[in-house]
Trainee: 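I am attaching a structure below and will ask some questions about it afterwards.
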Amino acid sequence: AAIEAKRAGAKSVLLVEKQSCLGKKLSQTGNGRANYTNLSMNANAYRSIHPEYIPSFLKYFDSRDALEYFKALGIYPKFRGDYVYPYSDQAKSMVQCLENALHNLGVEICLQHRVEAISWTEHEGFFIKGKKLVQKGGVESSSQKDKDSDSALVFGNKEKKKKKEKNKKEKVEWEEKEFSLQGRKLLIATGGLAMEALGASGEGYEIAKNLSHTVSNLFPSLVPIYTKEDYVKLWAGVRVDVRAGLYKEQDLIFQDEGELQCTDYGISGIIVFQMSRLVHRLLQDKAKFSLELSFLPKFEEAEAKNYFLKRKELLEREKGDAFLLGLFPEKLSQVLYERTAFPLKQKIQDISDQKILELCQLCLHFPFLPERIGDFQRAQCTAGGVNLSEIFIPDFQSKKNPDLYFAGEILDVDGICGGYNLHFAFGSGILAGRAMGKKNAKEMHLMKEDFITGAMKLGHTEEKAN
């Protein structure tokens with residue numbers, strides 16, 4: 001947003017960041033690889049109380065726009081199916097390219113500045129108060145006002161290493177001091193509540209409320225699912241391909257295939273993240289629902305039953321504990337055996353077809369009983385946020401205050417896995433920044449008389465200047 005505001009013509013742009021560096025969360029996203037968009041970009045990949053606004057956003061910023069934008073910054077794309085990553089496979093390279101653009105455009109950056117309150121008046125604009133971290137003695141911790149610290153921040157590994165070595169020898173003491181800022185336009189892109197370890201704290205929601213905006217119910221999204229069942233202690237650490245089906249009453253409301261991560265608290269992995277939001281809603285509504293896992297995702301029902309009976313013939317001389325050997329990891333087999341009371345010491349030829357088919361049925365329709373979803377510590381993004389009906393799309397301008405803008409996770413938009421959340425964060429920031437940087441009609445009118453006078457002094461006619 002800061003880059004685009006400056007490019008669009010804003011005379012002065014100030015970026016306020018509470019962390020000691022920019023892009024801390026971005027540098028860790030996607031296991032450090034940053035899946036920043038998806039070639040299969042569509043509105044159905046997003047969730048919101050007002051999903052009808054998403055197509056308008058995608059009309060102005062789709063995956064092609066994302067590819068071209070980052071190519072211009074030096075980020076060449078790498079494709080894994082429809083998923084798009086930096087060619088370097090390093091999220092930090094995106095952070096560095098964005099930092100370089102900020103530096104080259106002359107965007108002023110205040111690091112370790114924690115905003116605590118924002119007020120607004122029509123005549124003076126926004127007034128921001130907060131606390132900044134400074135070295136004792138009055139030296140600010142970080143700012144791009146100083147060219148040397150600039151160079152270290154944007155370009156430097158050597159400079160940073162030298163600074164760290166120096167700090168080891170000389171213990172640096174820090175203290176908080178109050179700061180205040182004033183600005184005509186404001187964009188709030190404080191993120192959500194997910195990943196507190198990387199700085200998420202959700203203060204932006206309270207600021208939005210204080211500026212007359214509505215914030216919908218907040219809850220974790222793209223998270224593991226927990227259960228109270230004891231068997232999960234046995235299968236912890238197993239990774240296996242499954243087909244998952246989520247049913248409300250008798251209606252299938254979600255189905256997908258992928259790798260399941262079995263944990264000592266429940267289940268995790270992309271396939272689980274994709275349905276965690278739905279599971280949360282069903283639990284909140286106390287709805288009647290069921291979640292089934294098929295550990296034989298490539299088998300049809302009749303095909304699987306026939307194969308299990310054939311397997312009985314093939315392994316007739318073996319004992320029961322060898323029946324699933326070669327099909328599933330040992331820990332998962334142990335769970336399946338225990339839940340069907342499968343006769344492990346009995347010869348397979350002596351085990352009834354009914355018991356064999358009972359085991360097959362469990363492999364095809366394993367019932368998983370969700371107790372809750374993971375918390376914000378485990379979440380990849382936040383569901384809920386500032387109500388989209390209070391925002392103009394595609395400018396992401398507040399309908400309540402024409403000088404206020406929002407972008408990213410603070411808004412009531414969250415996507416499924418696959419680059420959709422980063423795409424929305426970048427896209428909303430880019431569009432908001434462009435809108436912020438443009439001169440509005442009121443400002444242009446106030447400047448018109450001065451412009452005409454100046455043009456006439458240079459020898460132009462009033463008609464031409466007008």
Side-chain angles (χ1 to χ4, degrees), residues 17-36 45-49 91 114-116 188-210 213-228 232 246 254 261 263-286 291 368 370-388 406-426 428-429:
E17 168 63 56
K18 72 177 181 180
Q19 297 291 331
S20 59
C21 62
L22 296 177
K24 190 172 182 180
K25 188 173 178 180
L26 174 58
S27 66
Q28 299 295 318
T29 189
N31 292 321
R33 295 190 301 180
N35 173 201
Y36 64 92
Y46 291 97
R47 289 82 173 258
S48 172
I49 291 175
R114 188 179 74 252
V115 175
E116 295 180 335
I188 300 177
T190 51
L193 290 165
M195 299 186 184
E196 186 180 345
L198 297 178
S201 56
E203 66 267 34
Y205 298 117
E206 288 305 313
I207 292 171
K209 289 177 185 178
N210 291 335
H213 274 275
T214 305
V215 175
S216 63
N217 182 41
L218 305 170
F219 58 93
S221 187
L222 304 184
V223 285
I225 299 176
Y226 286 65
T227 184
K228 287 184 176 179
V232 293
L246 185 62
F254 174 90
Q261 296 175 28
T263 70
D264 61 1
Y265 55 79
I267 51 177
S268 188
I270 290 177
I271 190 173
V272 176
F273 296 165
Q274 306 289 48
M275 62 177 160
S276 61
R277 197 186 203 276
L278 293 171
V279 169
H280 172 79
R281 184 63 66 195
L282 291 166
L283 288 168
Q284 290 292 105
D285 294 343
K286 297 182 179 180
L291 171 56
F368 183 86
E371 176 215 355
R372 62 182 176 88
I373 63 170
D375 58 19
F376 282 111
Q377 294 280 18
R378 292 184 177 272
Q380 293 194 16
C381 68
T382 305
V386 174
N387 197 313
L388 279 189
F406 293 90
E409 193 176 352
I410 191 172
L411 291 162
D412 174 31
V413 178
D414 61 289
I416 61 175
C417 294
Y420 296 99
N421 288 297
L422 272 188
H423 180 92
F424 180 76
F426 285 131
S428 57

Trainee: Kindly compute the distance separating NE2 (His423) from OG (Ser428), expressed to the nearest 0.5 Å.
Mentor: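 Going from NE2 on His423 over to OG on Ser428, the span is 9.5 Å.
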Trainee: Give a yes or no on this: more than 12 heavy atoms of other residues, nucleotides or ligands lie within 6.0 Å of atom CG of Asp264.
Mentor: yes
Trainee: Should Glu206 and Val215 be marked as a side-chain contact (heavy atoms from CB on, under 4.5 Å) after you check the CA-CA gap, both sets of side-chain angles, and the distance that decides it?
Mentor: CA-CA 9 Å; Glu206 288 305 313; Val215 175; over 6 Å; no
Trainee: For Glu371 and Leu283, work out which heavy atoms get closest and say how close.
Mentor: O-CD1, 3.7 Å
Trainee: A side-chain contact here means heavy atoms from C-beta on lying under 4.5 Å apart; do Thr190 and Val115 qualify?
Mentor: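 No, too far: nothing below the 4.5 Å cut-off.
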Trainee: Calculate, to the nearest 0.5 Å, the distance between atoms OG and CG belonging to Ser221 and Leu193 respectively.
Mentor: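 Ser221 OG to Leu193 CG: 12.5 Å, rounded to 0.5 Å.
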Trainee: Answer yes or no: is there a donor N or O on one side and an acceptor on the other, between the side chain of Ser276 and the main chain of Phe273, under 3.5 Å?
Mentor: yes
Trainee: Considering all heavy atoms of both residues, which atom of Cys417 and which atom of Ile270 are nearest to each other, and what is their separation?
Mentor: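 Reported closest heavy-atom pair: CB-CG2, 3.9 Å.
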Trainee: Can you tell me if Asn421 uses its side chain to pair, donor with acceptor, with the backbone of Gly415 under 3.5 Å?
Mentor: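 At least one qualifying donor-acceptor pair exists.
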Trainee: Can you find a heavy atom in the side chain of Ile416 that is under 4.5 Å from one in the side chain of Arg277?
Mentor: no
Trainee: Please report the interatomic distance CD1(Ile410) to CD1(Ile188), rounded to the nearest 0.5 Å.
Mentor: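 That separation rounds to 5.5 Å.
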Trainee: What are the two closest heavy atoms between Val272 and Val223, and how far apart are they?
Mentor: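 Closest heavy-atom pair between Val272 and Val223: CG1-O, 3.9 Å.
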Trainee: Counting only heavy atoms not in Glu116, do more than 12 sit closer than 6.0 Å to its CD atom?
Mentor: yes
Trainee: State the OG1-CD distance between Thr29 and Gln380, to the nearest 0.5 angstrom.
Mentor: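 Going from OG1 on Thr29 over to CD on Gln380, the span is 7.0 Å.
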Trainee: For side-chain contact (heavy atoms from CB on, under 4.5 Å), just list the numbers for Leu411 and Leu388, CA-CA rounded to whole Å, side-chain angles, deciding distance to a tenth of an Å, and then say yes or no.
Mentor: CA-CA 7 Å; Leu411 291 162; Leu388 279 189; 4.2 Å; yes
Trainee: Which pairs, with at least one residue in residues 19-32 and sequence neighbours excluded, count as a salt bridge (charged side-chain N to carboxylate O under 4.0 Å, His left out)?
Mentor: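 Checked against salt bridge (charged side-chain N to carboxylate O under 4.0 Å, His left out) - neighbours excluded - the pairs reaching residues 19-32 are Lys25-Glu409.
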Trainee: What's the shortest heavy-atom distance between Tyr205 and Gly191, and which atoms?
Mentor: OH-O, 3.9 Å
Trainee: Give a yes or no on whether the backbone of Pro224 and the side-chain of Ser268 come within a donor-acceptor separation of less than 3.5 Å.
Mentor: no
Trainee: Looking at Phe254 and Ile271, what are the two nearest heavy atoms and their distance?
Mentor: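 Heavy atoms only, the tightest pair is CZ-O, 4.0 Å.
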Trainee: Could you check Leu291 against Ile267 for side-chain contact (heavy atoms from CB on, under 4.5 Å), going step by step and ending with a plain yes or no?
Mentor: CA-CA 12 Å; Leu291 171 56; Ile267 51 177; 4.2 Å; yes
Trainee: Do Asp412 and Ser48 pair up side chain to side chain, a donor and an acceptor below 3.5 Å, judged on atom types alone?
Mentor: yes
Trainee: How long is the span from the CG atom in Leu278 to the CZ atom in Arg47, to the nearest 0.5 Å?
Mentor: 5.5 Å
Trainee: Just by distance, do the side chain of Tyr46 and the backbone of Tyr420 share a donor-acceptor pair under 3.5 Å?
Mentor: yes
Trainee: So, for Pro370 and Ile225, which heavy atoms are closest and what is the spacing to 0.1 Å?
Mentor: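 Pro370 and Ile225 have their closest heavy atoms at CB-CG2, 3.7 Å.
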Trainee: Between Lys18 and Glu203, does any side-chain N to carboxylate O distance fall below 4.0 Å?
Mentor: yes
Trainee: Check whether Ser216 reaches the backbone of Asn387 with its side chain - one donor and one acceptor, N or O, closer than 3.5 Å.
Mentor: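 Checking the backbone N and O of Asn387 against the side chain of Ser216, no donor-acceptor pair under 3.5 Å is found.
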Trainee: Residues two or more places apart in sequence or in another chain: which of them pass side chain to side chain donor-acceptor pair (under 3.5 Å) with Thr214?
Mentor: Glu390
Trainee: Roughly how far apart are His280 NE2 and Arg372 CZ, rounded to 0.5 Å?
Mentor: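 If I round to the nearest 0.5 Å, the distance is 12.5 Å.
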Trainee: Please state whether the rings of Tyr265 and Tyr226 are parallel, tilted or perpendicular, taking 30° and 60° as the class boundaries.
Mentor: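 Taking Tyr226 first and then Tyr265, their aromatic rings lie parallel (interplane angle under 30°).
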Trainee: Run the side-chain contact (heavy atoms from CB on, under 4.5 Å) check on Gln284 and Phe219 step by step: do they pass?
Mentor: CA-CA 11 Å; Gln284 290 292 105; Phe219 58 93; over 6 Å; no
